[in-house]
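All values reported here derive from a predicted model rather than from experimental measurement. We use all heavy atoms of the structure for the numbers below, so side chains are in, but hydrogens, waters and symmetry mates are not. Lettering of chains follows the sequences in order, A, B, ..., and the numbering in each one begins at 1.
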Amino acid sequence: MKPVPDQTFYVTTPIYYVNDAPHIGHGYTTVMGDIITRWHRQRGEDVWYLTGTDEHGLKVLRKAEQNGMTPQEWADRLIETEWMPLLETIDVANDDFIRTTEERHLVGSKAFWQDLYDRGAVYKGEFSGWYSVGAEEFVGDDDVLDGEGEDEGFKVSALDGSRLEHVTEENYFFKLSEYQQALLDLYEQNPDFIQPASARNEVISFVQRGLKDLSMSRSTFDWGIQVPWDEKHVMYVWIEALLNYVTAIGYGTDQDAFEKRWPASIHLVGKDIARFHAVIWPAMLMAAGQPVPHQVFAHGWLLVGGQKMSKSKANGIRPDEIVGTFGSDAYRYYFARAITFGSDGSISWEDIHARYHAELANGFGNLASRVASMIGSYFDGSLPAAGELTDAEQRVVGTIESAVADADAAIEAVAPQDALAAIWRVVDELNGYLTEQAPWKVAKEEGQRERLATILVTAAEGLRALAVLLNPVMPKACASLWESLGAEPALGNLADQRIADVARWGQLPEGTTITKVPSLFPRIET
RNA sequence: GGGGAGGUAGCUCAGCCGGUCAGAGCAGAGGACUCAUAAUCCUUCGGUCGUGGGUUCGAGCCCCACCCUCCCCA
């Protein structure tokens with residue numbers, strides 16, 4: 001297969017398992033992908049951002065039964081009441097949302113499996129061993145322990161403590177073992193295929209130890225997609241779920257669309273599932289004769305008090321709670337700024353609160369407020385014409401130019417935290433610039449109208465740049481700022497502003513109406 | 001048992017291939033200013049860079065051992 005130039009910047013999140021309601025980790029991954037894709041859209045690229053839900057498997061089936069529903073009803077309800085609203089809550093602009101119970105996924109998955117079968121990558125065998133319903137995973141004999149306490153009398157998994165069930169059934173197997181060398185070559189030739197380095201090391205050492213063929217179907221229950229050549233089997237949920245990345249864009253249903261978007265540019269995943277995406281998934285694609293994705297990017301855990309956040313530890317912070325208090329923009333900003341994407345990161349309510357006030361309210365929001373206010377009182381809200389730019393203005397221009405370049409490079413490197421750090425140099429520069437130039441003093445001096453105008457126009461242009469650069473991260477606040485700057489009549493929609501054009505000076509025309517709008521980030525009294 | 005990541009100011013973290021690398025933000029202290037969301041700006045306090053060795057003209061950054069945390073594998 002020859003590499004084809006990408007027509008589309010295609011990013012995916014994992015599809016989320018619908019046995020429960022979303023938690024902050026889901027929101028985190030989805031928001032980071034949203035920030036990256038919004039930035040790429042503002043670069044003028046053709047972008048496709050996919051997220052969705054994984055709805056098959058024994059765990060969902062049982063959860064539904066416990067609640068007296070069919071699995072389809074259960075999934076429908078959770079999608080309706082929890083998962084779709086989450087996207088709204090955290091303000092995600094995904095292009096598509098796939099559910100694995102949709103027809104396109106059924107058809108596409110069957111087509112993919114048939115391809116695997118026709119190419120001889122699949123054989124029938126018998127599996128006898130332990131299965132964890134909780135993790136939807138087969139567990140090797142070495143990892144089976146006797147349960148204690150509540151699990152007395154049961155076998156449990158050494159991996160995650162979940163209860164195991166012994167199963168003996170006829171399964172179809174995928175010849176994963178044949179792809180060891182091809183995978184190692186892939187990692188070798190494409191160092192960025194699995195990032196960051198910690199995940200890459202782990203995956204490589206795992207593959208180097210050798211790969212076993214993978215049981216890829218189940219025959220003891222039927223909540224899944226039927227194997228096309230054998231209706232007694234349904235696809236193993238993990239294998240089937242991975243296929244969403246191709247079925248959503250037309251594999252088996254719309255070949256032109258598929259070829260346009262595949263391969264994916266980045267699969268965003270949590271580090272716990274990096275292996276499925278960096279080992280099994282590329283092997284399956286190779287087996288089916290398809291190109292592999294460009295990158296699997298594994299992010300870290302969110303830690304609260306040094307511990308991985310989870311419901312069972314009762315240290316969880318709910319996404320809607322953060323958004324309810326600080327707003328979706330702050331939620332998005334916080335996770336992008338405070339955590340090095342790819343590493344574990346500590347989060348806390350106190351930290352969110354502190355950064356909200358120090359960085360968003362005092363830093364950015366107040367800047368927008370003071371500029372609009374001064375243009376309002378000194379020029380009746382009508383942007384004046386700037387005079388000669390002095391060194392001070394040139395410094396502001398230079399800061400913006402370098403911030404744009406650095407931020408763009410950071411996004412390219414999947415490092416939103418660095419992009420925000422670069423952009424924030426503009427916020428700090430402008431606040432310092434205003435204090436130094438003291439336009440409120442200049443306003444009182446005779447014959448200094450032009451100088452006053454130059455200062456405020458410079459500040460307004462700086463805000464214009466910030467609105468564009470921060471729009472991928474904080475679309476609501478930036479829309480409000482865009483409105484405050486009266487930019488739309490002359491410049492058009494905020495989302496249509498191009499990154500490459502941000503630093504070009506003097507885009508806001510003389511006479512633009514600047515209005516004071518409600519605070520971008522009002523202080524939150526607690 | 002093997003392997004990986006990390007242990008840097010009170011807190012959260014940057015520090016690429018060894019030579020302004022001892023940093024940033026927040027918090028603390030002092031000052032300036034008043035356009036602004038009791039906001040802004042400046043100055044300042046603060047660390048023997050996990051421990052002990054070693055290599056080097058020179059080491060958070062390389063090597064060895066050890067301690068602690070997390071993860072993967074067995």
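- What separates CZ of Phe341(A) from C1' of rA14(B) is a distance of 19 Å, to the nearest Å.
- Only the C1' atoms considered, rC13(B) is 9 Å distant from rU8(B), to the nearest whole Å.
- For the side chain to side chain donor-acceptor pair (under 3.5 Å) test, no residue two or more places apart in sequence or in another chain qualifies with Lys175(A).
- With sequence neighbours left out, Gln295(A) forms a side chain to side chain contact (heavy atoms under 4.5 Å, CB included) with Asp192(A), Gln195(A), Ile266(A), Phe297(A), Val414(A).
- Atom P of nucleotide rC26(B) and atom CD1 of Ile352(A) are separated by 18 Å, given to the nearest angstrom.
- rC16(B) and rC73(B) are spaced 30 Å apart, taking the C1' atom of each and rounding to whole Å.
- Map Val427(A) and Ala354(A) each onto its nearest nucleotide of RNA chain B; the residue landing nearer the 5' end is Ala354(A).
- Rounded to a whole angstrom, the distance from the P atom of rA59(B) to that of rC21(B) is 16 Å.
- Partners of His40(A) under the ring-ring contact (aromatic ring centres under 6.0 Å, His included) rule, at least two apart in sequence or in another chain, are Phe9(A).
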Dot-bracket, RNA chain B: Watson-Crick or G-U, under 3.5 angstrom, [ ] crossing, | other strand?
(((((((..((((.........)))).(((((.......))))).....(((((.......)))))))))))).

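- Residues satisfying the side chain to side chain donor-acceptor pair (under 3.5 Å) criterion with Tyr172(A), sequence neighbours excluded, are Trp229(A), Asp230(A).
- Every side chain to side chain donor-acceptor pair (under 3.5 Å) that Asn171(A) has, sequence neighbours left out, goes to Glu169(A), Ser215(A).
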Side-chain donor-acceptor contacts of residues 457-473 of chain A below 3.5 Å, not counting sequence neighbours, with atom names and distances?
from: Thr458(A); atom 1: OG1; to: Thr454(A); atom 2: O; distance (Å): 2.7
from: Glu461(A); atom 1: OE1; to: Arg464(A); atom 2: NE; distance (Å): 3.2
from: Glu461(A); atom 1: OE1; to: Arg464(A); atom 2: NH2; distance (Å): 2.9
from: Glu461(A); atom 1: OE1; to: Gly506(A); atom 2: N; distance (Å): 2.8
from: Glu461(A); atom 1: OE1; to: Gln507(A); atom 2: N; distance (Å): 3.3
from: Glu461(A); atom 1: OE2; to: Arg464(A); atom 2: NE; distance (Å): 3.4
from: Glu461(A); atom 1: OE2; to: Gln507(A); atom 2: N; distance (Å): 3.1
from: Glu461(A); atom 1: OE2; to: Leu508(A); atom 2: N; distance (Å): 2.9
from: Arg464(A); atom 1: NH1; to: Val502(A); atom 2: O; distance (Å): 3.1
from: Arg464(A); atom 1: NH2; to: Val502(A); atom 2: O; distance (Å): 3.1
from: Arg464(A); atom 1: NH2; to: Arg504(A); atom 2: O; distance (Å): 3.0
from: Asn471(A); atom 1: ND2; to: Gln42(A); atom 2: OE1; distance (Å): 2.8

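- One atom, CZ of Arg425(A), and another, P of rA14(B), lie 18 Å apart when rounded to the nearest Å.
- Annotated as anti: rG6(B), whose O4'-C1'-N torsion sits more than 90° from 0.
- In this structure, Leu420(A) places its CG atom 15 Å from C1' of rA24(B), rounding to the nearest Å.
- Stacking of Arg200(A) on the aromatic ring of Tyr187(A) is not recorded, the 6.0 Å distance cut-off and the 45° axial limit not both being met.
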When every nucleotide of nucleotides 34-39 of chain B is labelled 5' to 3' by its protein contacts under 4.0 Å (heavy atoms), B for base, S for sugar-phosphate only, - for none, what sequence of letters results?
SBBB-S

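- Comparing rC41(B) with rG60(B), their C1' atoms sit 33 Å apart, to the nearest whole Å.
- rG52(B) and rC68(B) are spaced 15 Å apart, taking the C1' atom of each and rounding to whole Å.
- Comparing the C1' positions of rG15(B) and rG23(B) gives a spacing of 7 Å, expressed to the nearest Å.
- With sequence neighbours left out, His299(A) forms a ring-ring contact (aromatic ring centres under 6.0 Å, His included) with Tyr28(A), Phe341(A).
- Residues satisfying the salt bridge (charged side-chain N to carboxylate O under 4.0 Å, His left out) criterion with Asp185(A), sequence neighbours excluded, are absent altogether.
- On the P atoms, rA29(B) is 39 Å away from rC17(B), given to the nearest whole Å.
- With sequence neighbours excluded, the residues that form a salt bridge (charged side-chain N to carboxylate O under 4.0 Å, His left out) with Lys271(A) are Asp344(A).
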When you check every protein heavy atom under 4.0 Å of nucleotides 2-13 of chain B, what one-letter string (B, S, -) results, 5' to 3'?
B-SS------SS

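- If you measure from atom CD1 of Ile194(A) to atom C1' of rC72(B), you get 13 Å, rounded to the nearest angstrom.
- With rounding to whole Å, His299(A) atom NE2 is found 16 Å from rC70(B) atom C1'.
- The CZ-P distance, from Arg395(A) to rC41(B), rounds to 15 Å in whole Å.
- Between the C1' atoms of rG4(B) and rG10(B), the separation comes to 31 Å (whole Å).
- Annotation: Phe276(A) is not in aromatic contact with Trp281(A) [ring centroid separation under 6.0 Å not met].
- Counting non-hydrogen atoms of neighbouring residues, nucleotides and ligands closer than 6.0 angstrom, the CD atom of Gln189(A) exceeds 12 such neighbours.
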